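Note sheet for the following structure.
All of these numbers come straight from a predicted model, not from anything done at the bench.
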Amino acid sequence: CRQSIFEEMQKRFSQIESAAEEPRVLCIVQDTTNAKTVNERLTLNLPASTTVNKLYEDVAHKAGYVNGTFCLAWANTGAMAPLDQASEMSMVLSGFEAGKRNFLQLTDKGGEQPQIASVTDSSGLDDSSQGRFIGPLPRDGTVGCSSDYSSPSYSYSSILNKSETGYVGLVNQAMTCYLNSLLQTLFMTPEFRNALYNWEFEESEEDPVISIPYQLKRLFVLLQTSKKRAIETTDVTRSFGWDSSEAWQQHDVQELCRVMFDALEQKWKQTEQADLINQLYQGKLKDYVRCLECGYESWRIDTYLDIPLVIRPFGASQAFGNVEEALQAFIQPETLDGPNQYFCERCKKKCDARKGLRFLHFPYLLTLQLKRFDFDYTTMHRIKLNDRVTFPEELDMSPFIDVEDEKSPQTESCTDSGAENEGSCHSDQMSNDFSTDDAVDEGICLDNTSSSERVLKPKSSLTFELFSVMVHSGSAAGGHYYACIKSFSDSQWYSFNDQHVSKITQDDIWKTYGGSSGSRGYYSSAFASSTNAYMLMYRLKDPSRNAKFLEVEDFPEHIKRLVQREKESEEQEKRQREIERNTCKIKLFCMHPVKMMMTENKLEVHKDKTLREATEMAYKLMDLDGVVPLDCCRLVKYDEFHEYLERSYEGEEDMPMGLLLGGVKSSYMFDLLLEIRRPDQVFQPYKPGEVMVKVHVVDLKSESIAAPVSVRAYLNQTITEFKQLIAQATGLCAETMRVVLERCYNDLRLLYVPNKTLKAEGFFRSNKVFVESSDSTDHQAVFTDSVLWKLLDQHGNTIRLFVSLPEQSPGSLANRTSCPKASADSEDSFDGAKGSRKSVEAILEESTEKLKNLSLQQQQQQQQHQQQSSSTSDSQKSSEHSDVEHIESPAQEPDAASQPSQTENSTRAASDTENQFPSEERSDSDVNNDRSTSSVDSDILSSSHSSDTLCNADSGPLPLANGLDSHSITSSRRSKAHEGKKETWDTAEDDSGTDSEYDENGKSKAEAQYLYFKAEPYSQEDGSGEGQKCLLVHVDKRITLAAFKQNLEPFVGVPSTQFKVFRVYANNQEFESVRLNETLSSFSDDNKITIRLGRALKKGEYRVKVYQLLVNDPEPCKFLLDTVFAKGMTVRQSKEELLPQLKDQCKLDISIDRFRLRKKTWKNPGTVFLDYHVYEEDINISSNWEVFLEVLEEPERMKSMSQLAVLTRRWCPAQMKLEVFREVVLESSSVEELKEKLSELSGIALENLEFAKGRGTFPCDMSVLEIHQDLDWNPKVSTLNVWPLYICDDGAVIFYRDSTEELMELSEEERNELMKKESSRLLKTGHRVSYSPRKEKALKIYLDGGPTKDPGQD
């Protein structure tokens, strides 16, 4: 025996040891069948040889489910395809990856929940009270009911198997839980469900889509017969006339009940069900007033569909303890005495009286609404009362019935419900929305006896049985509804919580009473549970009338036909779902032979389709019929990200796609490519393990790079073998071949070690190499100094830009210096423009000569102007030198190392930095175009390139892969003299919104940049004006913006400091590029750039937009111009610089003391800037700054920062108009001073003056119909800087009025006419027409299938 045990143990150890050596598959399974376990993961680490069938067994054991009652599917974002449970295939062959995480989802099978494995311990609960959870039981501490009401029984976590409950849930569309609760309650009401089944829909009379009764009946049939766990309610809401937005509106369930019953009554008119709602839900009560002196009683009969019960009386500190107390309070009469005395018709005088309600008749189905939503007059907010209110399972209503004779001798005046249905509510508790329009008593009968006999029914006939509790969880602002319903079939309580249906017990019903365990004090509601009963439904206990549900076999014929149609539809949906589960969905790519572009599509193919059939499907999907023959196409495995052909499928044309792709999934880690060959070609086999290499042949003589040739190699091949492979494909000599690998962007690596493998060199799936084979001496040079490196370096960094130059007109060039024509040496690098196209030389000569003549005149005018100016600041005096800037001829720098015969023409531009420009004058087009642009280029990124790379420009043709082969591109090379040195440009200024073009020593930052730049003219296809010139620029994107601008100087015709660069985006929106130390690395091929004339910023300068403030104009904010303010400049100095610009550009001729500058915050005027304020010290300034310029009618009164300038406007109620704005300057924030100044200004007596702060943005416009009552007049404050005014800065708007002035009385016609005028005026100015808080959207059900489109209807 011991020997056998030892052998068994040895056998197991050997199995464990072999399993340890075997690769393992890590499976992470998410259980999606239960909301409680959806966030949990089951982890299994299994040997790779484990079969799929064994995987199912292990998951079932670990999850606690019966094997075969669930499915496992790949976890993807799209449709899930289950794994074949009967498969004996290993996990690796089924698509699992060893050594990696494999994500799966555990789903239901056939729409039914997984079955729980048998558990021996039932936790001491019997079958009736035990609630079983889906998922492994050990995950829960207990089963059944928990102590807290937010237990799994009522959350989304306790979902019982449908086979156990027998009921189907309803899907919550978004916020339709209130609808689901009511629908489930009506479905569980036998009398309502049976009556709905007995109604037959006539399709010829109405469209079934908009028929509310038909869609309700169809929904009930699905709830009774469907095998799904939950069904949608979209068809029902569509019949209500609701669109998808209604799903996001939460409404009151009692309101829905009223509105839906009304809609059903309207739809059922003149049918057998016309009186169904009244027969089931309508009761009657008497609203009476009895004189306490003579006993005279006046009364009327009202009907009701539900009884709203106040749970906490107004002003009371405690709520009613139970429903019986609330009902007693409902019928409790009140005494009308004192000023509320009642005028008695018999006594002919006002007498004390008693007013109240008496129930005359109760409906068969009694609905009680607990009014938990109230209004708190302390906080002025809606609140929810969470007080504890109990309700019995059986409610005896006999104590609340009126046993007196309706025709008592004292009653001499009566009206029926139809005669007076307005104002018939008692203490605002009753609503009369459903009163009938005629004088017929429509109260339902409990039997066929007369009315008087009905009143005298014995008490036993008024016992009602609770069967539905609609629960609200949340606050007055929102929450969640669900229903607790007792089935009349088995007396079992169930929780219908949207799509989840579960068994509950009586204990769970008690938890819906609300409240807390403490006393019922005033504040107990605030600390109570927010989950409590909101609406109760009782049914009269009457065996002669209590109905049972219709069984399926007892359905009427039209219901049986409906069931059959729905069953067929569900089967079709199930088949379609099965097809979806077996459909492989994979990305398909194809290089279209006609369009010559890579096209993409989605190939959806059944797993049993063969590769040959899938190829035919892909052929049709890519619309290749008639373009190429089918036999010239094949599907290959493809990696789109790396542009890599992984493998081909020779000899596998008849293999099913499910096996070929490694299982059914909705997305794969690879793609398919439909490869096309010419008829004379033969498909090349692609074997797994090969790598694809795109080979570009480089010709050093012509400095060209050819289009790529595809070569496939193995990672274990050596460089020597790889060269032989390339030699076969390209015809080059392998002995003299140089191979350069581009591992990533611009990372060039020369492969020179013969015996090194491709894997060691860094080859991957898809690679790009450049090869060159020639007898030149370039082989002897260091690679980074070779011509080959320069050529490849420039190839990787050169981009093509379209540059629009500004129109050059004499009027736009005032106060600018000219740029003389560049020397002829620089013209050599700009040849190449042929035919009728203007040459670059012609553009350069035309621009510079024109500007030269203009600038001579303008310089003379400028000197005269500067001599006349006596108030020039020190900063201006230091910059009055007007030496002409010029572009130096770029020097030729021969490459002494290896290329003595090759001429390298660089376009280096050196600036004479001694010249400064004292002021800026903008062109007309510049002013107009800049209104919609920002001065910040938000997309420019900080440069990350090495700054020690200095490049010379070479000339020579270079065909590039991006189609730039018609232009001569020059390469860049590294300068060893600058290796390891500091960057040659400054960092961004900390104190400026832009960077200066000059460094600390006054030298041009672009002076040392030798990066490639090449430009030639081109014609725009959009038909621009004749004066518009455009350039096609090829430039190294490592160039800085400063160097780029200096290279553009010859074409613009002015120095780089006198024009700005704007980047144009896809929507034609322009943003100025201002950071001169940054490179063009964020630009890409074919980006557009617009050049605009205007002085560029220097260090410490900010571009400022100036707007004119016109306080009494309809449009108070008007753009004037762009200008430049500098750090350290005073406000007066900036005003002095503005004066000539205002005169020339805006035709504003004003003196310096008759205008002010002030802060602008959107449209609001703010702080007044005083002349002695200094920018950056007293006034914060930033890039893109905006200021207001305000013209003054009198000298400036603001002298100190302690003063406060407010804008006041008088309201004249007798004339219904506002006077113009007038500024008041206060010495302090005192309300008393404000009133005194306003009294002095207007002549209103101080004691009669009232004021209010304006609302919104300047000018705080509002309708004259609202000013008098909507503003907060005469606030009780002593200073302006406290709540509710908070006036702490200049520019606040103050309305004031005379309190003794009466408001003009308007007729209805005058008011309507004035309202139209004000609405039109406010809409034009962009201000709101009225001020009102957001209103809740009313719940409506449309009988005709949708709301009317009348724009005038509310």
Side-chain angles (χ1 to χ4, degrees), residues 801 803-806 816 909 911 913 916-917 919-923 925-927 929-945 983-1000 1004-1007 1009 1033 1035 1037-1049 1052 1054-1065 1069-1083 1087-1106 1121-1127 1129 1175-1176 1180-1187:
L801 302 174
V803 180
S804 298
L805 300 177
R816 290 195 181 95
S911 298
T913 60
Q916 302 290 329
F917 299 93
S919 63
E920 174 188 0
E921 186 77 18
R922 294 170 56 84
S923 67
S925 61
D926 196 12
V927 172
N929 289 328
D930 275 3
R931 295 186 187 187
S932 61
T933 59
S934 169
S935 299
V936 178
D937 187 349
S938 59
D939 281 359
I940 289 191
L941 306 175
S942 298
S943 173
S944 59
H945 296 290
E983 294 185 354
T984 56
W985 52 79
D986 292 342
T987 56
E989 302 291 341
D990 294 334
D991 56 359
S992 176
T994 183
D995 303 314
S996 171
E997 292 199 21
Y998 304 94
D999 59 17
E1000 296 295 336
S1004 170
K1005 291 184 179 181
E1007 186 174 348
Q1009 299 301 312
V1033 176
V1035 63
K1037 61 183 177 181
R1038 294 169 295 188
I1039 195 172
T1040 62
L1041 180 61
F1044 179 69
K1045 289 183 66 177
Q1046 293 216 355
N1047 281 291
L1048 285 175
E1049 283 182 350
V1052 181
V1054 295
S1056 61
T1057 57
Q1058 294 297 297
F1059 66 84
K1060 297 172 289 184
V1061 176
F1062 289 85
R1063 184 172 181 177
V1064 184
Y1065 291 87
Q1069 191 173 8
E1070 298 179 355
F1071 288 93
E1072 185 180 359
S1073 299
V1074 295
R1075 299 199 174 276
L1076 300 169
N1077 65 329
E1078 291 184 351
T1079 67
L1080 304 185
S1081 59
S1082 66
F1083 287 74
N1087 279 173
K1088 294 181 180 179
I1089 288 176
T1090 298
I1091 303 298
R1092 300 200 186 282
L1093 297 177
R1095 182 167 69 82
L1097 300 181
K1098 300 182 179 68
K1099 181 178 179 180
E1101 291 184 338
Y1102 300 86
R1103 198 172 307 283
V1104 179
K1105 290 184 182 293
V1106 181
L1121 51 82
D1122 271 351
T1123 188
V1124 175
F1125 288 174
K1127 175 183 177 182
M1129 179 186 290
Y1175 295 116
E1176 281 292 355
N1180 291 327
I1181 189 171
S1182 61
S1183 59
N1184 251 4
W1185 205 44
E1186 295 180 345
V1187 296

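Atoms NZ and CG, on Lys1060 and Asp1122 in that order, are 6.0 Å from each other to the nearest 0.5 Å. Atom CG in Leu1121 sits 10.0 Å away from atom NZ in Lys1105 (nearest 0.5 Å). Within the model, atoms CD of Glu1101 and CE of Met1129 stand 7.5 Å from one another, a figure rounded to the nearest 0.5 Å. Distance CD/Glu1078 to CG/Leu1041: 8.5 Å, rounded to 0.5 Å. Interatomic distance, CG of Leu801 versus CG of Leu1048, reported as 9.5 Å (0.5 Å rounding).
Within the 3.5 Å criterion, the main-chain N or O of Ser1056 finds a donor-acceptor partner in the side chain of Lys1045.
Annotation: side chain of Leu1076 is not in contact with side chain of Thr1040 (no heavy-atom distance under 4.5 Å). Looking at heavy atoms from C-beta onward, Arg1038 lies out of side-chain contact with Ser1081 at the 4.5 angstrom threshold. Counting heavy atoms from C-beta on, the side chains of Val1104 and Tyr1175 never come closer than 4.5 Å. Contact annotation: the side chain of Leu1080 never approaches that of Asn1087 to less than 4.5 Å [non-hydrogen atoms, C-beta and beyond]. With a 4.5 Å cut-off on side-chain heavy atoms, Ile1039 and Asn1047 count as touching. Counting only heavy atoms from C-beta outward, the side chains of Phe1083 and Ser1073 approach each other to under 4.5 Å.
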* Audit row: Ile1091, Val1061, side chain to side chain contact (heavy atoms under 4.5 Å, CB included) steps and yes/no -> CA-CA 5 Å; Ile1091 303 298; Val1061 176; 3.8 Å; yes
* To do: Carefully, step by step, assess Val1052 and Leu1093 under the rule side chain to side chain contact (heavy atoms under 4.5 Å, CB included).
  => CA-CA 9 Å; Val1052 181; Leu1093 297 177; 4.0 Å; yes
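Below 30°, between 30° and 60°, or above 60°: for Phe1125 and Trp1185 the angle between ring planes is above 60°, a perpendicular geometry.
Minimum interatomic distance between Glu1070 and Thr1090 (heavy atoms only, all atoms of both residues): OE2-OG1, 3.6 Å. The nearest pair of heavy atoms linking Arg1103 to Val1124 is NH1-CG2, 4.2 Å.
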